[in-house]
Amino acid sequence: MREFARLQTATLLLRLAAQVKQTAESSDAEAVHDLRVAVRRLSRALRSFAQFFPGKSWKRIRKRLSGLMNLTAAVRDNDVALELLEKAGISKRARVALAVEKRRREAAANLRRELHAWLTRNFAHEWRGELEL
Amino acid sequence: MTRLHTEWNERSSPSVNARRRLPRMMSEYFAEVRAALAEKPSPSRLHQIRLASKKIRYTLELFRSCYGAAGFEAHLKALKNVQTSLGDVNDAVAASRLLGELMPHSPSRRALQAFLKQRAAKKRNLARIGLSASTRLGKSAGGPIS
């Protein structure tokens with residue numbers, strides 16, 4: 001069971017690392033959505049298999065993931081708003097749509113900055129060590 | 001809400017662990033959903049159900065390799081559909097809040113808020129239907145996952 005838990009978690013960590021890299025390059029709506037899914041899946045694995053990880057390592061990592069989710073949420077909320085504005089028949093050039101676009105750009109820039117910092121630090125390697133995967 | 005954290009038996013295989021723990025987890029989840037549906041859930045209750053559905057789906061997915069049955073995939077699909085409808089409700093509510101901050105009071109703001117409110121209500125109904133269907137699926141064949 002321990003090996004199974006480690007393998008599942010290691011696979012999900014690899015997927016997250018790939019998604020972090022992709023979203024750092026292009027933070028379009030789809031990439032941000034996929035990143036959120038990858039974060040949630042790893043976070044669930046860490047919680048579900050907590051007993052197999054050393055000390056509170058899983059908790060510390062989940063906290064980092066939660067911080068990243070907040071940054072992605074800021075981008076996604078604007079993506080959702082833009083989509084619903086379009087469905088409501090509001091022009092992309094309307095003042096409100098432009099204001100949402102601007103907020104989206106700012107949120108995406110914050111997210112990309114954070115993702116680049118994660119990549120520079122080689123978070124996946126660091127976490128593999130902490131979790132003893 | 002459903003207690004999703006469980007202690008696994010290290011000496012047992014993943015399949016044995018899954019068969020010992022997951023059915024109970026699923027039963028608790030479906031019991032809660034049925035109870036919520038019986039009392040016509042408020043938007044905040046539906047939000048809680050959405051989060052629980054998401055967590056239980058991801059927990060089940062961890063054990064996908066232990067199940068080969070089509071029934072397992074049907075459960076995952078039902079959970080995903082419920083999650084999508086509930087997510088749409090949440091999106092409409094979140095967008096309404098965000099646009100409320102950005103738009104001055106005006107007839108177009110009122111029209112947009114009415115559109116979003118209507119959309120949320122429609123998605124909420126879809127989610128209720130999906131939840132009812134998923135609880136029926138949970139009851140069938142003697143239990144959710146066996």
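The figures here come from the full heavy-atom set of this structure, side chains too, leaving out hydrogens, waters and symmetry mates. Note that the coordinates shown come from a computational prediction; the quantities given were computed from them, not determined experimentally. Proteins get letters first, then strands, A, B, ... in listed order; numbering begins at 1 in each.
- Here A:L14 sits alone; no ILVMFWY side chain lies under 4.5 Å from its own, so it joins no hydrophobic cluster.
- Within the 4.5 angstrom heavy-atom criterion, only side-chain atoms of B:R119, from C-beta onward, approach chain A.
- Cluster membership for A:L65 and A:V32, using ILVMFWY side-chain heavy atoms within less than 4.5 angstrom, is shared.
- Neither the backbone nor the side chain of B:R97 comes within contact range of chain A; no heavy atoms are under 4.5 Å apart.
- B:V89 and B:F115 are members of different hydrophobic clusters when ILVMFWY side chains are connected at heavy-atom separations under 4.5 Å.
- Per-residue counts of heavy-atom pairs under 4.5 Å with chain A were compared for B:N17, B:L102, B:V16, B:L62; the largest is that of B:L62.
- Ring geometry for B:W8 versus A:F49: interplanar angle of 30 to 60°, hence tilted.
- Identified by a heavy-atom distance below 4.5 Å to chain B, contributing residues of residues 121-133 of chain A are lacking entirely.
- The number of heavy-atom neighbours closer than 6.0 Å to CD of A:E30, taken from other residues, nucleotides and ligands shown, is 12 or below.
- Under the 4.5 Å side-chain heavy-atom criterion for ILVMFWY residues, a single connected hydrophobic cluster contains both A:L13 and A:L119.
- The 12-atom threshold is exceeded at CZ of A:R64, counting heavy atoms of other residues, nucleotides or ligands nearer than 6.0 Å.
- When the side chain to side chain donor-acceptor pair (under 3.5 Å) test is applied to A:R113, the partners found at least two apart in sequence or on another chain are A:N110.
- When hydrophobic clusters are built by joining Ile, Leu, Val, Met, Phe, Trp and Tyr residues whose side-chain heavy atoms come closer than 4.5 Å, directly or via intermediates, B:L76 is grouped together with A:L12.
- Only the side chain of B:S65 comes within less than 4.5 Å of a heavy atom of chain A; its backbone N, CA, C and O stay farther away.
- Counting non-hydrogen atoms of neighbouring residues, nucleotides and ligands closer than 6.0 angstrom, the CZ atom of B:R21 exceeds 12 such neighbours.
- Going from atom CD of B:E61 over to atom CZ of A:R40 covers 11.5 Å, rounded to the nearest 0.5 Å.
- Taking 4.5 Å as the limit, every side-chain heavy atom of A:M1 sits out of range of all side-chain heavy atoms of B:N9.
- Per-residue counts of heavy-atom pairs under 4.5 Å with chain A were compared for B:L112, B:L116, B:L98; the largest is that of B:L98.
- Counting heavy atoms from C-beta outward, B:E10 and A:F52 have side chains that approach closer than 4.5 Å.
- At most 12 non-hydrogen atoms from other residues, nucleotides or ligands lie less than 6.0 angstrom from CD of B:Q118.
- Within residues 68-96 of chain A, the residues having any heavy atom less than 4.5 Å from a heavy atom of chain B are, in residue-number order, A:R76, A:D77, A:N78, A:V80, A:A81, A:L84, A:L85, A:K87, A:A88, A:I90, A:V96.
- Hydrophobic clustering (ILVMFWY, side-chain heavy atoms < 4.5 Å, transitive): A:L16 and A:W58 are in one cluster.
- Closest approach of B:Y58 to A:V37, counting heavy atoms only: OH-CG1, 3.9 Å.
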